[in-house]
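Reviewing the structure listed below.
Count residues from 1 along the sequence.
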Amino acid sequence: MRSAKSIALLGFVVFIVQALFSQLYYLERMACYDPAFFSFLMLDSGSMESVLGRYGTFLSQLLPWLALQADASLEGFLRCYSLSFILLYLVWFSFTLFVLSDKVAALAIIIVCTVGYHFSFFYSTAELYQGLALICVLWSLFRRLGTRGSWSIGVMLIVVLTVWISFYHQLLIIPVAFMISFHATGRYMGTKSKEWLLPAILVLVWFVVRILFFEKSSYELNRMVTFDDFKTYLPVIHDLPSTIFFKREFDELPALALAILAAGALLLLKRKWIQLMIFGLCNAVFLVLILITDHDGQSPVMYENYYTVFGLFAAIVIADMFYAEWPAPRVLAVATVGLLVLG
């Protein structure tokens with residue numbers, strides 16, 4: 001399963017199944033919550049719309065916008081909108097596998113677009129999901145530095161893609177930081193550090209600039225966690241409604257739970273101590289952050305929305321170990337396919 005053909009087959013099967021589901025459940029995906037709001041905005045204005053400065057959504061609106069220009073029916077418009085997200089994942093997967101020739105990052109895209117979704121599949125317009133898949137493409141560009149093509153062109157592509165990712169969701173700085181840390185502490189430490197250090201700094205600095213200095217909406221300001229929030233809620237975090245929901249709901253996410261456990265176990269078995277600490281720390285920090293942010297328990301949809309980030313952490317570890325570190329690829333291949341079926 002290490003061949004490009006095997007990864008391509010797996011990816012096309014996964015995304016074709018998701019595309020079929022997007023048509024079978026197009027109303028469930030597009031007629032409630034934010035998807036319904038975005039659909040109304042587009043139908044009302046006849047153009048592509050974004051809110052909160054998250055301009056990355058324009059890509060997912062291209063297909064339904066074309067449907068509007070062709071005077072499609074309401075059903076046709078909603079079906080195109082529901083399908084557009086899956087097509088984007090397929091495009092990014094194909095670009096990573098066939099253009100960047102990166103089987104590892106391509107496998108990560110398959111995993112991240114599958115294991116953490118559950119009911120979030122019906123919250124289709126979430127900018128976070130689209131950004132997570134693109135982080136795998138960004139990881140692929142980091143992996144190519146100094147090995148294929150011009151280093152300067154690679155850095156330029158990293159910067160451009162980083163700017164675009166930052167306009168999906170500011171919270172993506174955490175999975176981006178994890179990706180860079182995992183990459184830096186793996187096989188690219190030491191002599192190769194000069195190849196990734198500058199672009200890594202540029203990526204993180206841009207995200208800080210994006211968060212601190214770009215205009216923020218009242219919605220985003222209200223959701224920003226303060227030091228006082230940590231002082232208030234951290235001591236009682238086990239009793240928060242968000243924590244109670246997480247404990248109950250995580251039982252309904254077997255693929256995600258197994259992916260996290262599998263990623264941690266792979267790092268432990270291969271004695272990747274630094275990467276294991278980074279993996280555990282990022283999971284723990286992100287969990288505390290989302291539990292405190294939505295501590296009141298009033299938005300189950302938002303809870304599951306953020307759980308998908310854990311899938312990115314696991315996907316990068318599993319994909320990386322699958323190709324570079326694990327001596328029995330067939331065993332890990334069967335396990336990976338099993339996770340995708342559960343997802």
Side-chain angles (χ1 to χ4, degrees), residues 2-4 7-8 11 56 88-89 91-113 130-168 172-210 263 266-267 270 272-279 281-282 309 312-326:
R2 291 189 177 188
S3 69
I7 297 298
L88 278 179
Y89 299 149
V91 168
W92 296 331
F93 166 77
S94 300
F95 176 79
T96 303
L97 183 60
F98 299 117
V99 178
L100 299 181
S101 300
D102 192 337
K103 295 175 287 188
V104 177
L107 179 61
I109 292 175
I110 300 173
I111 298 172
V112 79
C113 290
Q130 301 167 61
L132 290 174
L134 278 175
I135 289 174
C136 296
V137 182
L138 184 65
W139 182 38
S140 179
L141 292 175
F142 266 97
R143 287 165 49 83
R144 290 172 58 91
L145 288 175
T147 60
R148 301 176 186 174
S150 167
W151 180 85
S152 57
I153 293 177
V155 173
M156 182 182 67
L157 291 174
I158 284 173
V159 171
V160 170
L161 183 57
T162 297
V163 172
W164 183 252
I165 290 173
S166 72
F167 285 104
Y168 278 99
L172 289 168
I173 187 176
I174 295 178
V176 165
F178 167 78
M179 178 273 291
I180 291 175
S181 301
F182 185 85
H183 177 80
T185 54
R187 293 173 299 283
Y188 303 90
M189 290 182 67
T191 57
K192 291 188 176 182
S193 61
K194 61 176 184 272
E195 295 169 356
W196 56 259
L197 186 57
L198 175 60
I201 293 172
L202 292 175
V203 166
L204 295 176
V205 167
W206 168 258
F207 260 99
V208 172
V209 170
R210 168 77 175 89
L266 289 170
L267 292 172
K270 298 301 292 184
K272 300 289 184 179
W273 307 121
I274 297 178
Q275 291 181 317
L276 179 61
M277 287 189 292
I278 291 171
F279 178 71
L281 181 64
C282 286
V309 175
L312 184 281
F313 298 152
I316 287 180
V317 173
I318 292 172
D320 184 74
M321 299 291 285
F322 179 76
Y323 274 99
E325 301 290 348
W326 198 251

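- In this structure, the side chains of Leu100 and Val137 come closer than 4.5 Å at one or more pairs of heavy atoms.
- Side-chain contact between Tyr168 and Ile135 is absent, with no heavy-atom pair separated by less than 4.5 Å.
- Going from atom CE of Met179 over to atom CG of Leu132 covers 11.5 Å, rounded to the nearest 0.5 Å.
- For Arg210 and Trp206, the positive end is not near the middle of the six-membered ring at less than 6.0 Å and at most 45° from its axis.
- Under the side-chain contact (heavy atoms from CB on, under 4.5 Å) criterion, Ala200 pairs with Phe142, Ile180, Trp196, not counting sequence neighbours.
- Side-chain contact check for Phe93 versus Ile7: some heavy-atom pair is nearer than 4.5 Å.
- Considering only heavy atoms from C-beta on, Leu134 stays 4.5 Å or farther from Leu172 through its side chain.
- Trp151 approaches Pro199 most closely through the heavy-atom pair CZ2-CD, 4.2 Å.
- Interatomic distance, Leu204 CG to Thr162 OG1, rounded to the nearest 0.5 Å: 8.5 Å.
- Of the inter-residue distances, the one linking Lys272 atom NZ with Leu266 atom CG reads 11.5 Å to the nearest 0.5 angstrom.
- Between Cys136 and Leu312, the shortest heavy-atom distance links the atoms SG-CD2, 3.8 Å.
- Side-chain contact between Val317 and Gln275: absent, with no pair of heavy atoms (C-beta onward) separated by less than 4.5 Å.
- In this view, Leu88 and Leu59, Ser60, Trp92, Gln130 satisfy the side-chain contact (heavy atoms from CB on, under 4.5 Å) rule, not counting sequence neighbours.
- Taking each heavy atom of Arg144 and Val99 in turn, the nearest pair found is NH1-O, 4.4 Å.
- No side-chain heavy atom of Phe279 sits less than 4.5 Å from a side-chain heavy atom of Ile316.
- Ser94 contributes no side-chain N or O that, together with a main-chain N or O of Val91, makes up a donor-acceptor pair within less than 3.5 Å.
- Atom-to-atom distance recorded for Asp320:CG and Lys270:NZ is 11.5 Å, nearest 0.5 angstrom.
- Remark: Leu202 engages Val155, Val159, Leu198 in a side-chain contact (heavy atoms from CB on, under 4.5 Å) (not counting sequence neighbours).
- Across all their heavy atoms, Trp139 and Ala108 have their closest contact at CZ3-CB, 3.9 Å.
- Between the CG atom of Leu145 and the NE2 atom of His183 there is a distance of 6.5 Å, given to the nearest 0.5 Å.
- Between Ala133 and Ile109, the closest heavy-atom pair is O-CG1, 4.0 Å.
- Listed here is the closest heavy atom pair of Phe313 and Pro175: CE2-CA, 3.8 Å.
- In this structure, CG on Leu276 lies 10.0 Å from CZ on Phe182, to the nearest 0.5 angstrom.
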